[in-house]
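Below you'll find the structure, written out as C-alpha cells, and then a few comments.
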Amino acid sequence: MIPTEFDYKVPATLDEAISLLASDLDGAKILAGGHSLIPAMKLRLAQPQLLIDIARIKSLSYIREEADRILIGATTTHYELESSELLKRICPLLPDCGKSIGDVQVRNKGTIGGSLAHSDPAGDWPAAILTLDAELVLVGTNGERTVNADSFFVNLFTTDLQAGEILREIRITKPAGKFGQTYQKVPHPASGFAVVGIAVHLSMNDDGSCKSAAIGVTGVSTKAYRAEAVESALAGTNLDDNAIANAVAHVCDGIEANGDLYASRDYRSHLAQVHTRRAIQTAKARVQ
Ligand SMILES: Cc1cc2nc3c(=O)[nH]c(=O)nc-3n(C[C@H](O)[C@H](O)[C@H](O)COP(=O)(O)OP(=O)(O)OC[C@H]3O[C@@H](n4cnc5c(N)ncnc54)[C@H](O)[C@@H]3O)c2cc1C
C-alpha cells in the first residue's frame, strides 16, 4: 500500500528537531532509519502528517568511551554497533546483538534509538539494553531527563517517551572485572526478528563462581524483560550444568508467553529455556 500524504523536514540540529516536533505534537513523527516506521505507514498503521528526519543530524551518531561509561548516540546504526572495534573489546554484547538484526540493508539504515523507541516485542536491542542496565537520555522542550531501561519499556510498542520527546543518547556503565557476554536468538525465518532472543552478562568471582548474572529476554512476551528468577538462581553457583538447568526452568516466570502461527506459547517457552541455557554456556566460555 502507499502511505497517506505527509510533509517531510530535515532539521540540521537536535534543537531544530525538538521545535518541529513541538509544533505539531499530534501529527508529527520522528523518522530515523525508517525501517519500522515506513512499513507501518505503508500499512496505514501510522499516518503522520509530518516526518522529521533526524538521521542526518551528525551530532546524534557516535559511540564513545567516557570515564566509566559508554555513550551511544540515538541514530547510531545497527551496523555501526555491530562493527565497532571499541565495543567488541569492552562490551561485546552490543556488537553481538547488532549483527543478529535482519539483513545488511536493515542494519545499514536502522538505528538503535529507533529500535528502542519502537519497542517491538520481537526487537533485539531492548533485551541487550535491559541486560546492561542502560540509561536513556530523552530531550524535549522542557529539557532533558534520564530514564532507566527497566522503566523505559512500558508495554507492547509503548515506551516512557512523552509527546514531544526525542531519545538522544544511550548510556551504559562499562563492564568491569571478570565477565562474559553473549546475545543469541532464534530468528523468524521470514523477517529475522527474534522468535526468542537472549542477552547474557555474567560477572564472575576470582574463584570461578558467578558473582551476578543479568539475562534479558525478547520475543517471548509483550515487551522485553529481565529474567530475574534465572539471575538469582545463578548467582553464587559454579555455573555447572545442574545449576544452569535449574535456573533456566524459570525463564518465563511471571510472564505470559506469546503464541502465534510460527511458535505456540509452549514451543516459545521451550525455546526460551533451551536458548537461555545455550547463551549462559556461551557467556561462561567467554569469561575473561
Ligand atoms: C525486513 C526487516 C527486518 C528486520 N529485522 C529486525 C530484526 O531482526 N531485529 C530487530 O530488532 N529489528 C528488525 N527490524 C527493525 C529494524 O531494526 C528497525 O531499524 C528498527 O526497529 C527501528 O529503527 P529505525 O531507526 O529504522 O526507526 P524508524 O523506523 O525511523 O522509527 C521507529 C519508531 O521510533 C520513533 N523514533 C525513531 N527514532 C527516535 C528517537 N531518537 N527518539 C524518539 N523516537 C524515535 C519513530 O517516530 C517511530 O515511531 C527489521 C526491519 C525490517 C524492515
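When a residue number appears, it is its place in the shown sequence, counting from 1. On a predicted model such as this, the values are computed, not experimentally measured, just so you know. All ligand and atom numbering here is 1-based and tracks the order in the structure.
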Close N or O approach ([X], ligand 1; < 3.5 Å):
X: Leu31; result: no
X: Asp124; result: yes
X: Ile30; result: yes
X: Gly110; result: no

[X] to ligand 1, any heavy atom closer than 4.0 Å:
X: Phe193; answer: yes
X: Arg107; answer: no
X: Ile166; answer: yes

Quiz prompt | His188 contact mode with ligand 1 (heavy-atom cut-off under 4.0 Å) | solution = neither
Exercise. For ligand 1, note which part of Asp103 has a heavy atom under 4.0 Å away: side chain, backbone, both or neither.
Key: neither
Which ligand 1 atoms, with their elements, are less than 4.0 angstrom from a heavy-atom of [X]?
X: Thr111; result: 23 (O), 24 (P), 25 (O)
X: Lys29; result: 47 (O), 49 (O)
X: Ala32; result: 25 (O), 30 (O), 37 (C), 38 (N)
X: Gly123; result: 11 (O)
X: Ile54; result: 41 (N)
X: Ala74; result: 41 (N)
X: Gly102; result: 5 (N), 6 (C), 7 (C), 8 (O)

Shortest protein heavy-atom distance from [atom], along with the residue and atom involved:
atom: atom 36 (N) of ligand 1; result: Ala117 CB, 3.7 Å
atom: atom 20 (C) of ligand 1; result: Ser36 OG, 3.4 Å
atom: atom 26 (O) of ligand 1; result: His35 N, 2.8 Å
atom: atom 31 (O) of ligand 1; result: Leu37 CB, 3.9 Å
atom: atom 37 (C) of ligand 1; result: Gly114 CA, 3.4 Å
atom: atom 17 (O) of ligand 1; result: His78 NE2, 2.9 Å
atom: atom 28 (P) of ligand 1; result: Gly34 N, 3.4 Å
atom: atom 42 (N) of ligand 1; result: Leu167 N, 2.8 Å

Salt bridge flag under 4.0 Å for residues [X] and [Y]:
X: Arg286; Y: Asp96; answer: yes
X: Asp160; Y: Arg145; answer: yes
X: Arg265; Y: Glu256; answer: yes
X: Asp7; Y: Lys9; answer: yes

Self-check item: Same cluster (ILVMFWY, side-chain, under 4.5 Å), Leu167 and Ile63
Solution: yes
Practice problem: Following the transitive rule for hydrophobic clusters with a side-chain heavy-atom cut-off under 4.5 Å over Ile, Leu, Val, Met, Phe, Trp and Tyr, establish whether Ile129 and Tyr225 coincide in one cluster. | Solution: no
Exercise. Fit a plane to each ring of Phe179 and His201, take the angle between them on a 0 to 90° scale, and name the class: parallel (under 30°), tilted (30 to 60°) or perpendicular (over 60°).
Key: parallel
Self-check item: Sub-4.5 Å side-chain heavy-atom contact between Arg268 and Asn258
Solution: yes
Quiz item: So do Leu51 and Met41 actually touch side chain to side chain, heavy atoms under 4.5 Å?
Solution: yes
Quiz item: Stepwise, does the salt bridge (Lys or Arg N to Asp or Glu O under 4.0 Å) test hold for Lys185 with Asp124?
Solution: CA-CA 9 Å; Lys185 80 193 247 194; Asp124 293 291; 2.8 Å; yes
Quiz item: Considering the options Val147, Thr158, Leu116, which one meets the side chain to side chain contact (heavy atoms under 4.5 Å, CB included) requirement together with Phe153?
Solution: Leu116
Quiz item: Heavy atoms only: which of Gly140, Gly33, Ser115 is nearest to atom 23 (O) of ligand 1?
Solution: Ser115
Quiz item: Which one of Ser191, Ala17, Pro126 has a non-hydrogen atom at the shortest distance from atom 3 (C) of ligand 1?
Solution: Ser191
Exercise. Find the distance between NZ (Lys178) and CG (Asp207) and round it off to the nearest 0.5 Å.
Key: 8.5 Å
Quiz item: To the nearest 0.5 Å, how far apart are CG in Asp120 and OG1 in Thr218?
Solution: 7.5 Å
Quiz item: Heavy-atom count around Lys174 NZ within 6.0 Å, excluding the residue itself: above 12?
Solution: yes
Exercise. For Ile70 and Arg171, run side chain to side chain contact (heavy atoms under 4.5 Å, CB included): C-alpha distance rounded to whole Å, both residues' side-chain angles, the deciding distance at 0.1 Å, then the answer.
Key: CA-CA 6 Å; Ile70 301 165; Arg171 294 179 179 162; over 6 Å; no
